[in-house]
Each structure stands twice: as C-alpha cells, then as structure tokens.
Protein chains: 2
Amino acid sequence: MKGTTNSTMRAVVFDDHLRFDKAYPQPKRQSRWARICVHLAGVCNTDLEIIKGYMGFKGVPGHEFIGVVDQCDDPTWIGARVAGEINAACGRCRWCADGLMRHCPNRTVLGILQHHGCFADYVFLPVENLQRIPDDIPAERAVFIEPLSAACEILEQLDLQGDETAIVLGDGKLGILCAWVLSTVLADVTLKGHHAQKLASAQWRHIKTIRNADTMAGQADIVVEATGSAKGINEALSLCRPRGVIVLKSTVASVDEINLAPLVINEQTLIGSRCGQFKDGLQMMETYPDMPLERLITARFPIEQALLGFEQAALPDSLKILLEF
Amino acid sequence: MKGTTNSTMRAVVFDDHLRFDKAYPQPKRQSRWARICVHLAGVCNTDLEIIKGYMGFKGVPGHEFIGVVDQCDDPTWIGARVAGEINAACGRCRWCADGLMRHCPNRTVLGILQHHGCFADYVFLPVENLQRIPDDIPAERAVFIEPLSAACEILEQLDLQGDETAIVLGDGKLGILCAWVLSTVLADVTLKGHHAQKLASAQWRHIKTIRNADTMAGQADIVVEATGSAKGINEALSLCRPRGVIVLKSTVASVDEINLAPLVINEQTLIGSRCGQFKDGLQMMETYPDMPLERLITARFPIEQALLGFEQAALPDSLKILLEF
C-alpha cells in the first residue's frame, strides 16, 4: 500500500540508525525531474556500508530500482517503466559537457550523496537519468541494471583484445557480475571466492571458479578486485603480472593497510571503476538473455520488513536481497 | 686506493648493520659479464630504505654509478666509460623476449635483489646492461643517468599530448627529476614540496614550485607521487581530477594506511613506475645540456666515509650524496 497521504510515503530511513517509516515526508519534485513509483529495489553492498557511516549519508538509502513514472513535466514519460542512473549532474560543468555526468563535481548521488534514494514508495530523478525498460524484461532481471552497468564499465575503461587472462576476486554480487561480463569478451576468466554456494551460483559460460589462487601468482593480465578488503587488494597486486591491470570495483568506508610497493616494482596499473551507463547494462541484458541474473536473488522482503532484509543482506552467504512495494 | 689484493675490494656492506669493509671478497665475474671499476656512485632513497630492511637485502648496496670496464670477455668493452642498467635478466623468459628485461621474474637487481651493488671498487653486470657514456658528459652529470631514466619512464608509460596539467609531489631528488622531465613535454608543471632550499634547486624552465596545493584539489590531469608516504598518496588522489592519472614513483618498505575509495569514486588510474631505459636518460641529458643536474649534488664523500654519507643523505635538506673512489 502506498503512502497514506499525498505528501508522505513509506520509506527506509538512515539517520543515526536504520528504521522503517510508514509516513516519511516526500521530497518535492523539481522542475524537469520525474517522480517514479518504485516497484522493486535491490540492496547493494554500498547500502550496507552507508549504514556503517560511509559518505556520512543521512536520509533514504537505495539506488537500485525499477518503477513507473507517475509525475513529470514531459507527458511522454508518464507511465513509462524505467530504471534510473544514480548520479544527478549539474549539466553546466566541463564534466557534463564531456558526457561524464557521473563525475560532475556538483552532482548528487541517489541514496548516497545528498539525494534521497529508492527504498521508498517514490524516488525522484532528472528525466535525463531515466532509462526505459522494455516490457519483455521482467522486473527481477531489470532491477540488476545498475550493478550490471557497473560491471560493464570495465569494458569501457579497458581496451580488451579477447586473449587476456582475467581473475575476479570476490564471489559477491558485483564480483559475479564482473566475471559474467568479462566472460562475454574474454576466453579465460576465473572467479575466486570463499563460498561454495556463491561459486556455484556464479557458473556461466566458460567461467572457472576457484577457492585458492596461490599457484597463479604473477600470471593474470587483468585482476578485478571486488572483495572490498585490503587483503583483496594486496592479493590482486600479487596475482597480476608485471605491467598488468588491476580494476578496483569496490568502495569501502575504511582506510586500509595496503602495500603498494609491488605496484611500483611491477609497474602495474590500478584503475578505479564505479558506475556504468545503463544503456550498456541494458544492451548486455538483451544480448545475453541466458545470463542467469535471477540466480543472484537470495530473498525478497516487503518494504515494511526492509530491516530484516538488510540483516539478511549482511550475512556471508547472501547475494541480492530485493525489497518489494 | 683500490682493494689491496686481486680478490678483495673496498666496499660498503649491509648485513645486520651498515659498515665499511676495506677488504671485502670480490664477487666472481660470470661469463658474458663485465667487471667495472667504479669511479663515482650516488646514494638513492632506495638505499636508505634498504638499510631499514626493504627487500631484505644483504650485501653491497648501491645501483647508481659511472665507471670503466676493466674485465670482459668481449675486448671491445675494455676501457669503456659506462653506466649500467640495474636489472640483470635471465634472457630466456617471455618478458626478456618482449624487451621488458626489467620485469624478468628471474632477474637480480643491482644492490637491491641478490646482486652486489656499486658501493665498492668493482661492480659486475652483464654486458647487455652496459650503457656507454660519451666523454663530453662529465661524471657528475652521468652519475644521474639511473634516476633520470626512472623519471623518463613516465614519458614511456603515459601518452602525453602536451596540454595536460601535472603536479609532482615531493621535492626530493626523484621528484625534482620527474618535474624536470615533465617540463620538457608539458607546459604546466607544478612541484610541491616542503623545503625552501630544495624548491629553489628545482627551478628550471617554466616549473612552478609551491608549498601548499590545497586550492588545486581535483584539478590536475596527472599527479606524480614522489614523497613515498601514505600521506602523499592520499594527497595525490585528492589533487587528481576524475579519470586522471596518478603515477606512483617511490617504493617504500612500509605498509601504509591508504584510503582508495576516492580512486574508485573518481575512476582514477594509479600507475606504478620504476626503472627506465638508460638510452632515454642519456638522450634527455644530451638534448638538455642545461638541465641543472649538478645542482642536485649536496656533497661528495670518499668511499671510506660512506657511512657519514648515508647519514648526510638521510637529513631532510639533503639531495644527492655522491661516493668517490
């Protein structure tokens, strides 16, 4: 049931602690922004970091969703089934002019930086951020567009030839998505993790899954770090060949003890990689309808039970937790 | 005076502590290697790290030198005035086949890894490592060929267009050399340091020197980190623009508290950069005879006084300390 008045909504809220609010004040819709009625939302590891203090965020978290536009100045958007890119840019700076809105220094970020997120009945975004989702893509696939696009960002940043060997560290959601995306262009992709069940879920195409990579030291052309730990970064440096590339996918709230001497000695390149473009994630979904996105869903919780969903999401064997409206 | 017998030599030795030995056993010259009579050697920050335990090295440190070949199977080298590249490669692996001998996994490294260095009457290197030094380059310039080549490595790794803005962090020897090298291809180069005298020594061409870079956050296309500290790395991440490049030039023995979240958020690239090719350093020296290399010499010590030289090298206001034979 949607919020009981026109000016409130059900929402998950983080201020000093995480709570469910059945009548949270709705943000005011800005000119050229849309109000989207949220149907399904996904809990990301960034959300788990946020409730530990990452980015100092206060408000409604959440940035993975699919929903339907119900208010917008432009009537062609009303009723559209959409997801939305999470960086709301200023549209006036050099970054925006270069098409890199997701690096606009004046941006807000949905559910992460000065922008109420999607764990609520309604979410608000500039129309430029909206991505129409074709009707033939079910919601439980479409809701993965944000993390899948983030995985696709690796393909935009690296100029892959196809014959490179890649190791992905971390059998969480993002690690698995990165392995899947890499397997569409590389013949040799290995996913290293610690959880038997997650590694089983990760099986797709020719991906090899392993629990120990000690024998592969110094071999990989590309290592994707998706564990979010200092240990993972140090291991990535060790697995990567001299002059190879390490892609750092996970942001963490903490400052870690990292030994960067190997990076210098081996002249490796460490690339930070964050959000991708939804058009790329959508194209990946459409090109590979057999990509087993649904397999990553551990459980669904109604929005009223979101706090239990967060607890479940934090358990080591959980993959994606969805919140239903 | 050279070592008193044919089988010993004067040498600086690090085992549990640093000491001068007037009759240290000479290493045996291997087939296809040259024995070089050392004339002048330079103390590098890596040497200062080594005597704190970096790389677990034991033996004769030192890897910056100029000298004259006095033993070699190939008679054309006898009497040649040379410097020598520091990585002694196996010549058989894929790295050697690709011309990247300095990344050969089987290599020894002069004065750093299983290879006695040049702080001794004699140093031993494969003939492939030797670089002839023209007679018109004085020894006190030629002795900078190793760190100057390391600075030139940045030009090999980055595809610079000329209009990029660059900030170099650290007014030590390597930082200054990096700024000088960058100033030969970039119009906008800033060196940030803390020492008035070093910053004065760094003046060359159009380089700007500053002591505080707070107003430049997020601006630089390229940041070269040459302070060797975690603070420097964190500052480099902060000064670099989104999608910019940070070049990490210094290896340090310690594991540091580094916050890599900004690297991911801003999708920056961190490139480790180590040794360069001596042909590049030599060409730089010949193309820019006005590059004030001699200005970086703080003091010269006779080899017998090398321990005092190490002490002087560790002082905050010191730049290059030379050891004379």
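Residue numbers begin at 1 in each chain, while the letters A, B, ... track the order of the sequences. Note that this is a predicted model, so its numbers are computed, not measured.
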- Query: Are side-chain heavy atoms of B/R94 and A/R241 found at a separation under 4.5 Å?
  - Reply: yes
- Message: Using heavy-atom distances under 4.5 Å, tell me whether B/I233 contacts chain A through its side chain, its backbone, both, or neither.
- Response: side chain
- Heavy-atom count around A/Q114 CD within 6.0 Å, excluding the residue itself: above 12? no
- Specify the closest pair of heavy atoms between B/I265 and A/H103, including all atoms of both residues, with the distance to one decimal. O-CE1, 3.5 Å
- Which atom pair, heavy atoms only, marks the closest approach of A/V264 to B/L248? CG2-O, 3.6 Å
- How about B/K58: does its NZ atom have over 12 heavy atoms from other parts shown lying under 6.0 Å from it? yes
- Message: Do B/I271 and A/L263 make a side-chain contact, defined as non-hydrogen atoms from C-beta onward lying under 4.5 Å apart?
- Response: no
- List the atom of B/R243, the atom of A/R102, and the distance in Å for their closest heavy-atom pair. NH2-NH2, 3.3 Å
- Message: Is it the case that atom CD in A/Q283 sees more than 12 heavy atoms from other parts of the structure closer than 6.0 Å?
- Response: no
- Contact check, side chains of A/T269 and B/L270, non-hydrogen atoms, under 4.5 Å: no
- Among A/R274, A/Q268, A/E267, single out the residue with the greatest number of heavy-atom pairs under 4.5 Å to chain B. A/E267
